[in-house]
Trainee: 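I'd like to ask some things about the structure below.
The figures here come from the full heavy-atom set of this structure, side chains too, leaving out hydrogens, waters and symmetry mates. Read the numbers this way: they start at 1 and go in the same order the structure lists the ligands and their atoms. All residue numbers in this chain count up from 1 along the given sequence.
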Amino acid sequence: MSVHQTSDVNARIARIASHLNPPIPKLEGDAPGCLTRANCRSKGAAPGFKVAILGAAGGIGQPLSMLMKINPLISVLHLYDVVNTPGVTADISHMDTGAVVRGFLGASQLEGALTGMDLVIIPAGVARKPGMTRDDLFNINAGIVKSLSEGVARFCPKALVNIISNPVNSTVPIAAEVFKKAGTYDPKRLLGVTKLDVVRANTFVAEVLGVDPRDVDVPVVGGHAGITILPLLSQVKPPSAFTPKEVEYLTDRIQNGGTEVVEAKAGAGSATLSMAFAAAKFAESCLRALRGDAGIIECAYIDSQVTEIPYFASKVRLGRGGIEEVLPLGPLNDYERESLEKAKKELASSIEKGVAFVKK
Ligand SMILES: NC(=O)c1ccc[n+]([C@@H]2O[C@H](COP(=O)([O-])OP(=O)(O)OC[C@H]3O[C@@H](n4cnc5c(N)ncnc54)[C@H](O)[C@@H]3O)[C@@H](O)[C@H]2O)c1
Ligand SMILES: O=C(O)C[C@H](O)C(=O)O
């Protein structure tokens, strides 16, 4: 082997090794303008968003990481967790898709995980067991979301943030308060992920109507826990009439879909696969919006003026700047109006609890 061939081989080995044991990237040229970089990518240009998943080794994190690795809009995928990211990263990185995958383990590597990111997805935290409410997770997950949000505020303040960790009704206000304290809060860029409620609603409504769930669109508003989950069955597309019995069945099934999975898993956690699917669809919408695609509408739990409650899930139009328009609730029937009043009470106290946690 000639000297030239030897140095080629060494260079190739070094390149491969850098993927297997990636150094914490500094991504100099990237910071601080996440938004600027997103704006630079016009529609049709080479794809290349940078996405971080925090909690990537968990029940949601692993399948979500896999789905994100398949997404052609993503050029760099950062997987962060406090355990097991080397294994998950090595595994996912063997998939022959375009995104480069890098793993980050523990708080000392959070900076590397977040620097330069366009989108940060947060499914970090503990999950329910049978008999628990989502609010029972508050004591552990509030602190996790607070510290990860502090990281976002420091290392990628312009990134779009998707919060999955429960209780979403409180964790989104927690993240907002952290960002306010840090002076980085942009309400257009913080979204609580309620897409699983929409995915479930579409599935259950399609079963009742006897149609393909992909042809159904159910707006689900309010929040993401029990009675705060409000499917607007009067606004289903395609327009459909339901009997009072069907409305009762569907509302109950959609509101308790999470509990249905928790009970079926019997102590082994909550929805992970359907959640990863829902989060991947939601993230895809966010990235297409950042790219400049028009007409991207999703339901999300956000800082809102649609009601007097400061955070509320409803349909939003996404664009290059994040949330570009919050759509009105539209006409509600008597049943939905009554349900909305009950939901608002519970939402208000969950929000207050989140805000107080950061302010204390
Ligand atoms: N929004 C929704 O619709 C929805 C749906 C399903 C689950 N969830 C919630 O998502 C969360 C995660 O669920 P799961 O089933 O993946 O749980 P899991 O326990 O399987 O995984 C959670 C992961 O988070 C990691 N983690 C814990 N602390 C962390 C920290 N400080 N930084 C980074 N990572 C950390 C854990 O190590 C673990 O790998 C739960 O709170 C659950 O209730 C929300
Ligand atoms: O129900 C849970 O605890 C998890 C999640 O919020 C869900 O809706 O599946």
Trainee: Counting only heavy atoms, which portion of I164 has something under 4.0 Å from ligand 1: side chain, backbone, both, or neither?
Mentor: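 It is both parts that get close, each with some atom under 4.0 Å.
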Trainee: In ligand 1, which numbered atoms sit nearer than 4.0 Å to a non-hydrogen atom of V168?
Mentor: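 So the atoms of ligand 1 that pass are 1 (N).
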Trainee: Could you pull out, from I60, V82, L196, the option with a heavy atom nearest to atom 29 (C) of ligand 1?
Mentor: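 Going through I60, V82, L196 one by one, V82 has the nearest heavy atom to atom 29 (C) of ligand 1.
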Trainee: Give the numbers and elements of all ligand 1 atoms closer than 4.0 Å to a heavy atom of T272.
Mentor: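 That gives atoms 15 (O) of ligand 1.
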Trainee: Any heavy atom of H224 sitting closer than 4.0 Å to ligand 1?
Mentor: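 Checking ligand 1 against H224, which is what was asked, there is a heavy-atom contact under 4.0 Å.
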Trainee: Show which atoms of ligand 1 fall inside a sub-4.0 Å distance from at least one heavy-atom site of A271.
Mentor: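 Numbered from 1, ligand 1 contributes 6 (C), 7 (C).
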Trainee: Students should be able to answer this: which protein heavy-atom is nearest to atom 8 (N) of ligand 1, and at what distance?
Mentor: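 It is N166 ND2, 3.4 Å.
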Trainee: For ligand 1, indicate whether the residue L148 contacts it via side chain, backbone, both or neither (heavy-atom separation under 4.0 Å).
Mentor: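 Looking at L148 and ligand 1, just side chain atoms fall under 4.0 Å.
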Trainee: Does R128 reach the main-chain N or O of V262 with its side chain, forming a donor-acceptor pair under 3.5 Å?
Mentor: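 No; zero donor-acceptor contacts below 3.5 Å.
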Trainee: Do the side chain of Q62 and the main chain of A57 share a donor and acceptor less than 3.5 angstrom apart?
Mentor: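 Side chain of Q62 to backbone of A57: a pair is present.
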Trainee: Only heavy atoms of Y80, strictly under 4.0 Å: list the atoms of ligand 1 that pass.
Mentor: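 Going through ligand 1 atom by atom, the ones under 4.0 Å from Y80 are 32 (N), 33 (C).
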Trainee: For atom CD of E248, is the number of surrounding heavy atoms from other residues, nucleotides or ligands below 6.0 Å larger than 12?
Mentor: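 Open: at most 12 neighbouring heavy atoms sit under 6.0 Å from CD of E248.
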Trainee: What does the N/O contact table under 3.5 Å look like for ligand 2?
Mentor:
unit_1	atom_1	unit_2	atom_2	d
ligand 2	1 (O)	R128	NE	3.4
ligand 2	1 (O)	R128	NH2	2.7
ligand 2	1 (O)	R134	NH2	3.2
ligand 2	3 (O)	R128	NE	2.6
ligand 2	6 (O)	R134	NE	2.8
ligand 2	6 (O)	R134	NH2	3.4
ligand 2	6 (O)	N166	ND2	2.8
ligand 2	6 (O)	H224	NE2	2.5
ligand 2	8 (O)	R134	NH2	2.9
ligand 2	8 (O)	R200	NH1	2.9
ligand 2	8 (O)	H224	NE2	3.3
ligand 2	9 (O)	R200	NH1	3.4
ligand 2	9 (O)	R200	NH2	2.7

Trainee: Taking the side chain from K129 and the backbone from E263, do they hold a donor-acceptor pair closer than 3.5 Å?
Mentor: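 No, K129 side chain to E263 backbone: no donor-acceptor pair under 3.5 Å.
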Trainee: Indicate yes or no: does an N/O atom of D81 lie under 3.5 Å from an N/O atom of ligand 1?
Mentor: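 Checking ligand 1 against D81, an N or O pair does fall under 3.5 Å apart.
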Trainee: Answer yes or no: is there a side-chain heavy-atom contact under 4.5 Å between V220 and I229?
Mentor: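 V220 vs I229: side chains touch.
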Trainee: Going by heavy-atom distance to atom 41 (O) of ligand 1, choose the closest among L137, V126, I144.
Mentor: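 Among L137, V126, I144, the closest heavy atom to atom 41 (O) of ligand 1 belongs to V126.
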Trainee: Run R291 and D293 through salt bridge (Lys or Arg N to Asp or Glu O under 4.0 Å) and show every step you take.
Mentor: CA-CA 6 Å; R291 179 176 69 168; D293 287 13; 2.6 Å; yes
Trainee: Is the backbone of A175 close enough, under 3.5 Å, to the side chain of S149 for a donor and an acceptor to pair up by distance?
Mentor: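 No; judged by distance alone, with no hydrogens or angles, the pair does not exist.
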Trainee: Taking N or O atoms only and a 3.5 Å limit, does G58 qualify as a polar contact for ligand 1?
Mentor: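 Yes; at least one N/O pair falls below 3.5 Å.
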Trainee: Heavy-atom pairs closer than 4.0 Å: do any link ligand 1 to the side chain of P123, the backbone, both, or neither?
Mentor: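 The backbone, only.
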Trainee: To the nearest 0.1 Å, how far is atom 4 (C) of ligand 1 from its closest protein heavy atom, and which atom is that?
Mentor: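 Sorting protein heavy atoms by distance from atom 4 (C) of ligand 1 puts M275 SD, 3.5 Å first.
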Trainee: Give a yes/no on ligand 1: does A57 have at least one heavy atom closer than 4.0 angstrom to it?
Mentor: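 A heavy atom of A57 does come that close to ligand 1.
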Trainee: So F104 and H78, would you call those rings parallel, tilted or perpendicular, with 30° and 60° as cut-offs?
Mentor: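 Tilted, since the angle between the ring planes falls between 30° and 60°.
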Trainee: Is it the side chain, the backbone, both or neither of N141 that has a heavy atom closer than 4.0 Å to ligand 1?
Mentor: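 Side chain only.
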Trainee: Are R214 and D212 within salt-bridge range, i.e. N to O under 4.0 Å?
Mentor: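 Result for this pair is yes, salt bridge flagged.
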Trainee: Under the ring pair (Phe, Tyr, Trp, His ring centres under 6.0 Å) test, which residues partner F204, sequence neighbours left out?
Mentor: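 With neighbours one apart ignored, the set is empty.
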Trainee: Could you list the atoms of ligand 1 found under 4.0 angstrom from a heavy atom of V83?
Mentor: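 Matching atoms, with element in brackets: 37 (O).
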Trainee: Is it the case that the side chain of T194 and the backbone of D197 share a donor-acceptor pair, with hydrogens and angles ignored and the cut-off at 3.5 Å?
Mentor: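 Looks like no, no N/O pair under 3.5 Å.
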Trainee: Looking only at the side chains, is there a donor atom on one of K342 and T228 sitting less than 3.5 Å from an acceptor on the other?
Mentor: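 No.
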Trainee: Looking only at side chains, do K353 and S170 share a donor and an acceptor under 3.5 Å apart?
Mentor: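 Checked: K353/S170 side chains show no N/O donor-acceptor pair below 3.5 Å.
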Trainee: Establish, from distance only, whether the side-chain atoms of S285 and E298 form a donor-acceptor pair under 3.5 Å.
Mentor: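 Their side chains do contain a donor-acceptor pair, which is all the 3.5 Å distance test asks for.
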Trainee: Out of G59, G269, G125, indicate the one that has the non-hydrogen atom closest to atom 19 (O) of ligand 1.
Mentor: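 Of the listed residues, G125 has the closest heavy atom.
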Trainee: Only one of D217, V221, V326 forms a side chain to side chain contact (heavy atoms under 4.5 Å, CB included) with K315, so which one is it?
Mentor: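 Exactly one option meets the side chain to side chain contact (heavy atoms under 4.5 Å, CB included) with K315, and it is D217.
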Trainee: Who's the nearest protein heavy-atom neighbour of atom 35 (C) of ligand 1, and how far?
Mentor: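 Of the protein heavy atoms, A124 CB, 3.6 Å lies nearest.
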